[in-house]
Amino acid sequence: MEHKVLSLSDFDLRPTPCRIEVLGLLQSHEYALSQGDIEQELSNQFDRVTVYRTLKSFLSQGLIHKVLDDIGGIKYALCKELCHQGGHAHQHDHVHFKCDRCGQTTCLELVHIPSINLPANFTKKESNLLIQGICNLCNQP
């Protein structure tokens, strides 16, 4: 699936060196990355706090979303067009898939989390669904 190339200005973010590098890194991967993955890939060019603040800014502006994995860790993935469907209501009600072989976690954008009827006085903020198995690349003969 081809995605539109995003720019920091599209999300009202100033183009700092760290933001430019982190955005480029996220755009170059089809799977979610942890903060540690990002720091390692950038060869420790930026300190942990700078990377953390960059990710926090990206989250607050709707450029990326959190992906929870099976061991309680957090990874980050670029938001795609489907995250912004219905105007500015930013949502991530799609499924994430973690491969047991390669360990990569990917967004399955066209697979949505089914609607769940919550009891009275419960208000949904966000839904997360992680499916584990073997990805299409690892399943190739």
> Is it the case that one hydrophobic cluster holds both Ile20 and Val22, taking links as side-chain heavy atoms less than 4.5 Å apart, direct or via other members?
Replying inline: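 Yes, it is one cluster - the side chains of Ile20 and Val22 are joined through contacts under 4.5 Å.
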
Give me the atom names and distance for the closest heavy-atom approach of [X] to [Y].
X	Y	result
Lys75	Gly103	NZ-O, 3.4 Å
Leu118	Thr123	CD1-C, 4.2 Å
His65	His96	NE2-NE2, 3.3 Å
Thr54	Cys18	OG1-SG, 3.3 Å
Lys98	Asp70	NZ-OD1, 2.6 Å

>> Working to the nearest 0.5 angstrom, can you tell me the gap between Leu25 CG and Asp37 CG?
In response: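 If we round to the nearest 0.5 Å, Leu25:CG and Asp37:CG are 8.5 Å apart.
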
>> Working note: His29 + Glu41, criterion side-chain contact (heavy atoms from CB on, under 4.5 Å); need CA distance, chi angles, decisive distance, verdict.
In response: CA-CA 11 Å; His29 289 79; Glu41 290 241 12; 3.1 Å; yes

> Please walk me through it: do Leu63 and Leu8 pass side-chain contact (heavy atoms from CB on, under 4.5 Å)?
Replying inline: CA-CA 8 Å; Leu63 179 57; Leu8 294 169; 4.1 Å; yes

> Does CD belonging to Gln40 count more than 12 external heavy atoms closer than 6.0 Å?
Replying inline: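 12 or below, so no.
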
Test item: [X] side-chain N/O and [Y] main-chain N/O as donor-acceptor pair under 3.5 Å:
X	Y	result
Gln61	Phe58	no
Asn139	Asn136	no
Arg101	Ile134	no
Thr50	Phe46	no

> Could you go step by step and tell me if Tyr76 and Leu55 meet the side-chain contact (heavy atoms from CB on, under 4.5 Å) rule?
Replying inline: CA-CA 8 Å; Tyr76 303 92; Leu55 293 171; 3.6 Å; yes

>> Working note: Arg19 + Leu13, criterion side-chain contact (heavy atoms from CB on, under 4.5 Å); need CA distance, chi angles, decisive distance, verdict.
In response: CA-CA 9 Å; Arg19 287 176 180 174; Leu13 290 164; 4.0 Å; yes

